[in-house]
Asker: 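Here it is, the structure, as structure tokens.
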Amino acid sequence: MPIIRTKHVLIRPFNNGDEFSLAKNINDPIISRNTLTIPYPYRLKDARDWIGLTKREWLKKNSPKMNWAIDINGEVVGGVGLHFQLPHKAEVGYWLARKCWRRGIMTEVVGAVTEYGFKKLKLRRIFAFTFPFNKASQGVLKRSGFKYEGLLRKNVKKGKTYHDDLLFAKVK
């Protein structure tokens, strides 16, 4: 299981024992609003289930998903993942605890995971979707070298509502 070290964080697989800091830091209505699948409230059971799922994915050969914890001083303050669409491309998704916002952490993480995807996994395209109102995520992607590719109208359903998506990508 790959571990990525950056200047400020450790990007590593989720472990048993992470459920407490995961549940504490992800349980935020704004994080839920800005992401497609993170519920609010986010309970300890949700964290345990997520950690179990990610551990099972890491054990699969040729798993379509790689999800890491963003660790600062032993605390899970975020998550990042690559979800493979075809052998040459993957979607990157991420979240970060509000207490860590506006410090350049997520730009550092997205850059490191993108570099890992291109160099180690030999990907040719990494892309991400953001909601149009999520300006911070759009900034992370732009600072990480992703280019805006377009608006996908009514692309996803969250709850009972269909939402537009903005598509960003970086290619090698």
Asker: Shortest non-hydrogen contact from Ala90 to Leu123?
Answerer: CB-CD1, 3.8 Å

Asker: Can you check side-chain contact (heavy atoms from CB on, under 4.5 Å) on Val109 and Thr6, steps first, answer last?
Answerer: CA-CA 7 Å; Val109 167; Thr6 71; 5.5 Å; no

Asker: Clusters formed by hydrophobic residues whose side-chain heavy atoms approach within less than 4.5 Å: which one holds Phe131, and what are its other members?
Answerer: Leu36, Phe133, Val156

Asker: Is it the case that the side chains of Tyr94 and Thr35 hold a donor-acceptor pair, with the cut-off being a distance below 3.5 Å and no angle test?
Answerer: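 There is no such pair between these side chains.
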
Asker: Can you tell me if Arg33 has over 12 outside heavy atoms packed within less than 6.0 Å of its CZ?
Answerer: yes

Asker: CD1/Ile72 to SG/Cys100 distance, rounded to the nearest 0.5 angstrom?
Answerer: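 One gets 4.5 Å once the value is rounded to the nearest 0.5 Å.
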
Asker: Please report the interatomic distance CD(Gln85) to CG(Leu82), rounded to the nearest 0.5 Å.
Answerer: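 Going from CD on Gln85 over to CG on Leu82, the span is 10.5 Å.
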
Asker: Nearest 0.5 angstrom please: Ile38 CD1 to Ser32 OG, how far?
Answerer: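 Reported to 0.5 Å precision, the distance equals 7.5 Å.
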
Asker: So does Leu152 get a backbone contact from the side chain of Asn155, meaning a donor-acceptor N/O pair under 3.5 Å?
Answerer: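 No, because the side chain of Asn155 does not come within donor-acceptor range (under 3.5 Å) of the backbone of Leu152.
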
Asker: Establish, from distance only, whether the side-chain atoms of Lys55 and Asn16 form a donor-acceptor pair under 3.5 Å.
Answerer: yes

Asker: I'd like to know if Leu53 and Ile51 are part of one continuous hydrophobic network [Ile/Leu/Val/Met/Phe/Trp/Tyr, side-chain heavy atoms within less than 4.5 Å].
Answerer: yes

Asker: Just wondering, do Tyr116 and Met66 contact through their side chains at under 4.5 Å, heavy atoms?
Answerer: yes

Asker: Should Trp95 and Asn34 be marked as a side-chain contact (heavy atoms from CB on, under 4.5 Å) after you check the CA-CA gap, both sets of side-chain angles, and the distance that decides it?
Answerer: CA-CA 9 Å; Trp95 68 272; Asn34 287 340; over 6 Å; no

Asker: Indicate yes or no for a side-chain donor-acceptor contact from Asp164 to the backbone of Lys154 under 3.5 Å, with no hydrogens or angles considered.
Answerer: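 At least one qualifying donor-acceptor pair exists.
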
Asker: Do Arg5 and Asp71 meet the salt-bridge criterion of a basic N to acidic O distance under 4.0 Å?
Answerer: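 Salt bridge between Asp71 and Arg5, a charged N being under 4.0 Å from a carboxylate O: no.
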
Asker: Show, in sequence, the C-alpha distance, side-chain angles and deciding distance for Phe14 and Trp50, and conclude whether the side-chain contact (heavy atoms from CB on, under 4.5 Å) test is met.
Answerer: CA-CA 9 Å; Phe14 285 92; Trp50 175 252; 3.4 Å; yes

Asker: Can you confirm whether the side chains of Ser21 and Glu75 place a donor and an acceptor under 3.5 Å from each other?
Answerer: no

Asker: For a quick test of reading the model, state the closest non-hydrogen atom pair linking Ile3 to Pro13 and the distance between them.
Answerer: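 In terms of heavy atoms, the two residues are closest at CG1-CD, 4.0 Å.
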
Asker: Between Arg125 and Glu149, does a salt bridge (Lys or Arg N to Asp or Glu O under 4.0 Å) hold up when you go through it step by step?
Answerer: CA-CA 13 Å; Arg125 176 181 172 83; Glu149 292 191 337; 2.6 Å; yes

Asker: Test your reading of the model: is there a side-chain donor-acceptor pair from Ser144 to the backbone of Phe146, 3.5 Å cut-off?
Answerer: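 Looks like no, no N/O pair under 3.5 Å.
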
Asker: Can the ring centres of Phe129 and Phe127 be said to be less than 6.0 Å apart?
Answerer: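 Centroid separation for Phe129 and Phe127: below 6.0 Å.
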
Asker: Hey, could you give me the CE/OG distance between Met106 and Ser137, rounded to the nearest 0.5 Å?
Answerer: 8.5 Å

Asker: Can you name the one residue among Lys24, Arg12, Arg48 that meets salt bridge (charged side-chain N to carboxylate O under 4.0 Å, His left out) with Asp18?
Answerer: Arg12

Asker: Are the side chain of Thr107 and the backbone of Arg143 linked by a donor-acceptor contact shorter than 3.5 Å?
Answerer: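 Between the backbone of Arg143 and the side chain of Thr107 there is no qualifying donor-acceptor contact (under 3.5 Å).
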
Asker: For Ile4 and Val113, run side-chain contact (heavy atoms from CB on, under 4.5 Å): C-alpha distance rounded to whole Å, both residues' side-chain angles, the deciding distance at 0.1 Å, then the answer.
Answerer: CA-CA 8 Å; Ile4 304 167; Val113 169; 4.2 Å; yes

Asker: Which pair of heavy atoms, one from Gly79 and one from Ile70, lies closest together, and at what distance?
Answerer: N-CD1, 3.6 Å

Asker: Report the distance from atom CD1 of Ile31 to atom CG of Asn25, rounding to the nearest 0.5 Å.
Answerer: 7.5 Å

Asker: Would you indicate whether the side-chain heavy atoms of Ile105 and Leu96 approach each other to under 4.5 Å?
Answerer: yes

Asker: Does any non-hydrogen side-chain atom of Lys147 lie less than 4.5 Å from one of Lys170?
Answerer: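 Answer no - side chains too far apart.
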
Asker: Going by side-chain heavy atoms closer than 4.5 Å, which hydrophobic residues are tied to Phe20, directly or by a chain of links?
Answerer: Leu44

Asker: Within a 6.0 Å radius of atom NZ on Lys45, are there more than 12 heavy atoms belonging to other residues, nucleotides or ligands?
Answerer: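 12 or below, so no.
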
Asker: Hydrophobic clusters here meaning ILVMFWY residues chained together by side-chain heavy-atom distances under 4.5 Å, can you tell me if Tyr162 and Leu167 are in one?
Answerer: no

Asker: Do Glu57 and Asn67 have a side chain donor and acceptor closer than 3.5 Å?
Answerer: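 No - no donor-acceptor pair under 3.5 Å links their side chains.
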
Asker: Flag yes if Val171 and Val92 sit in one hydrophobic cluster, no otherwise; membership is Ile, Leu, Val, Met, Phe, Trp, Tyr, and two members link when side-chain heavy atoms are under 4.5 Å apart.
Answerer: no

Asker: Please determine whether a side-chain nitrogen of the Lys or Arg among Arg98 and Asp28 lies less than 4.0 Å from a carboxylate oxygen of the Asp or Glu.
Answerer: yes

Asker: Spell out, yes or no, whether Leu141 and Leu151 are grouped together once hydrophobic residues are joined by side-chain heavy atoms under 4.5 Å, including indirect joins.
Answerer: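 Leu141 and Leu151: one cluster.
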
Asker: Using a strict threshold of under 4.0 Å (side-chain N to carboxylate O), is an ion pair present between Arg103 and Glu108?
Answerer: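 Between Arg103 and Glu108 there is no salt bridge, as every charged N stays at least 4.0 Å from the carboxylate O atoms.
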
Asker: Treating Ile, Leu, Val, Met, Phe, Trp and Tyr as nodes and any side-chain heavy-atom pair under 4.5 angstrom as an edge, say whether Val80 and Leu10 lie in one connected cluster.
Answerer: no

Asker: Can you check whether Ile126 reaches Phe168 side chain to side chain, under 4.5 Å on heavy atoms?
Answerer: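 Of all side-chain heavy-atom pairs linking Phe168 with Ile126, none is under 4.5 Å.
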
